[in-house]
2 protein chains.
Amino acid sequence: MHQTTIIDIAKALCISKSTVSRALTGHPNVNAKTRDRILDMAAQVDYQRNQLAISLLTNRTSTVGIMVPEFISFFFPKVIIGAQEELARSGYNVVICHSNESYETEVANAKALLASRIDGLIVSHTKETRNFDHFRSFQRKGIPVVFFNRVCEDMDVSKVTVDDYHGAFQAVEHLIQTGRRRIAHLSGPDTLMNSRSRLAGYHDALTKHGLPIAPELIISYDLNLDKANIYVNHLLNLPNPPDALFTINDPTALEALSVAKRRGLCVPDELAIVGFSDDPVSALIEPGLTTVSQPVHELGQQAAQVLLRQLLTEDNTFVAERVVLPTKLIIRGSTVQTSTNSY
Amino acid sequence: MHQTTIIDIAKALCISKSTVSRALTGHPNVNAKTRDRILDMAAQVDYQRNQLAISLLTNRTSTVGIMVPEFISFFFPKVIIGAQEELARSGYNVVICHSNESYETEVANAKALLASRIDGLIVSHTKETRNFDHFRSFQRKGIPVVFFNRVCEDMDVSKVTVDDYHGAFQAVEHLIQTGRRRIAHLSGPDTLMNSRSRLAGYHDALTKHGLPIAPELIISYDLNLDKANIYVNHLLNLPNPPDALFTINDPTALEALSVAKRRGLCVPDELAIVGFSDDPVSALIEPGLTTVSQPVHELGQQAAQVLLRQLLTEDNTFVAERVVLPTKLIIRGSTVQTSTNSY
DNA sequence: GGTTTTATTGGGAACATTCCCAAAATATTG
DNA sequence: CAATATTTTGGGAATGTTCCCAATAAAACC
């Protein structure tokens, strides 16, 4: 099926395509009467410009790609919305790819985005990603890349994260200050920079307060929630079990909470639990989950702003930016006995 | 910055662009030796085909647009994933637009998708949408449209939904069978077809069991969660308050649950609550929320399959399909006293 | 070795648009 | 009214690719 083009309009009105183009793009050098006739005709045939042709000619798509590993959790959608709002303000469209935590899919998505000639890329990589060549392709071709949340250390590109180290440090310090001494950490895979940072925060908080690092209390897992309860049970079955658990994220902490309940453990008295992210669910359940909240929407905004700055720097003078947003410890019933269980 | 083209490769090897094109597209009529040289060179310069040029020429983008009103809740992301899996299998890319429940944004998104020449559209409209002309544009231009979840009655296009009427009917019947007599309904805006269907199911269940329709117990609201508690409180403040509440969706039901708790009402004894959708949170809270679950992932799959069938029917012989997926009532503590509160 | 067949290659149109430059039409000036 | 200035219009190149058709090169046949 043929879609109406400016040539169709030109023929119908017996004028040249140049004039039609001028009228439709709002160029001033066109007679008012002619312009009206053209606009009328365009409306009548429901003309829609062909962005493909324009992008091909101008070598700009006004489209930014956003790649995320998943978007079932609240986190990535909210980041995307933050970024999108910011990008829309500057006239950029967004195409969203989710890799389903699969490296293969991520590489395929990268190729597709490259072929579709996006102007920039905002990305959080999968937990499987060890090789970043598919992202370096963008860099080589002069397409700005901004990493967020899960960033690649080795690439000289802009990165936007929250202060994972400090958030974890605060969380663990809170557990120590409320009297816990055997604090376990259910960590993420070491492919993830934020996972490593949180582990470092955990480590340093213990050390600062003179507590030993117990390797048997540190478990790194692949974020596959189905397996979380296995690891939590393993920890609780230890001869000398932990009195507190700091997890890589809230879903894991919620699993832990459910395991603790199933085992008849009293939370927070027998086991204190702290998550990371402040998932909306964490405030709804009982006891409420103590967690490290991060400015999710702002994360997206900042990533977009950094990218926009780079898109506006046409020459190659742009230097990679590093943005670190603050986290905040939210204390709820999973670490501190609350007088009331109501909301 | 200039990206490598087949012409660059052709010049470098002193051959014609036609031969390069043939080699890269896997056309058989090219000398094996020449092909190897071309593929080597392409790999060396990290050549990426320009999809814009190909799409312009072939008049096909192999891209499907998916428009949703929001994607913070678990529902739409999961539908999108279902659809995307299915579409990827047939070699289609997906571009996702969310309208943030704004009609203006929806129209703007539709224009952008039209300009970017998507091959097909899967859509759930905003709660503000009363005029569907921006979707008729696609139809007129021969671009297949499939509505899901929130469908437009007046358009002759394919539609995929769950059985909202029956789901609501079952939910209300369950409330009646467990002894409730004054059942309130917190409904969605009447712009939404599924909202109207659920209201009809509520209505007919009451009628079937000889219960009166009490207009003061039916409130239609705009799904703005901040206001939900106002309406719930209003209902509970009635001289003759309801003993059960059926809500348009789970987030609303969760708000109601929280209001009931704040008021010191015992759920389910003094107030039974049923939601719709089976949000993951509904199983985690206490009491668990009784709700009507829908096959979310399958909804996306089916929408994609219907669209794919239409995309393969090149002539105009395709007739609109209507798919209705079954719902299932999940009974939890918010309507029936459970012996244990554990998971 | 010449002729026919087959394999391989190159040239150019087409896709829809913008933008530059020249041409034409109109308006302004002396 | 002629000369000049201004407005308005049209023609054509360019964007990167595929595909058709013709041209060339190589192989096969008599």
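Throughout, protein chains are lettered first and strands after them, A, B, ... in sequence-line order, and every chain is numbered starting at 1. All figures in this text were calculated on a predicted structure; none of them were measured in a lab.
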Please list, chain by chain and in numerical order, all residues satisfying salt bridge (charged side-chain N to carboxylate O under 4.0 Å, His left out) with [X], sequence neighbours excluded.
X	result
Glu101(B)	Arg150(B)
Arg309(B)	Glu321(B)
Asp154(B)	none
Lys111(B)	none

From [atom1] of [X] over to [atom2] of [N], roughly how many Å is that when rounded to an integer?
X	N	atom1	atom2	result
His27(B)	dT17(D)	NE2	P	17 Å
Lys33(A)	dT7(D)	NZ	C1'	15 Å
Leu13(B)	dT8(C)	CG	P	17 Å
Ile9(A)	dG10(D)	CD1	C1'	17 Å

Open item on the list: Going by the rule side-chain hydrogen bond (donor to acceptor under 3.5 Å, both in side chains), which residues pair with Ser62(B) if we only count those two or more places apart in sequence or in a different chain?
Closed with: none
Open item on the list: Among residues at least two apart in sequence or on other chains, which ones pass ring pair (Phe, Tyr, Trp, His ring centres under 6.0 Å) with Phe132(A)?
Closed with: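 Phe132(A) satisfies ring pair (Phe, Tyr, Trp, His ring centres under 6.0 Å) with His125(A) only.
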Open item on the list: Checking Phe74(B) now: which residues fulfil ring pair (Phe, Tyr, Trp, His ring centres under 6.0 Å) with it, not counting sequence neighbours?
Closed with: none
TODO: If a protein heavy atom is under 4.0 Å from the base, mark B; if only from the sugar-phosphate, S; if neither, -; do that for nucleotides 9-18 of chain C going 5' to 3'.
DONE: BBBBBBBBBB
TODO: Can you tell me which residue pairs pass the side chain to side chain donor-acceptor pair (under 3.5 Å) test with a partner in residues 20-44 of chain B, sequence neighbours excluded?
DONE: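 Qualifying pairs, neighbours excluded: Thr19(B)-Arg22(B).
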Open item on the list: Rounding to 10°, can you tell me the angle the first-five-pair axis of the helix from dG1(C)-dC30(D) to dG30(C)-dC1(D) makes with its last-five-pair axis?
Closed with: 50°
- [ ] Look only at the side chain of Gln139(B) and the backbone of Asp156(B), and say whether a donor-acceptor pair between them is shorter than 3.5 Å.
- [x] yes
Pick out the pairs of N or O atoms, protein on one side and nucleotides 23-25 of chain D on the other, that lie under 3.5 Å.
none

Show me the donor-acceptor pairs within less than 3.5 Å that the side chains of residues 90-100 of chain A make with the rest of the protein, sequence neighbours left out.
unit_1, atom_1, unit_2, atom_2, d
Tyr92(A), OH, Arg60(A), NH2, 2.9
His98(A), NE2, Gln84(B), OE1, 2.8

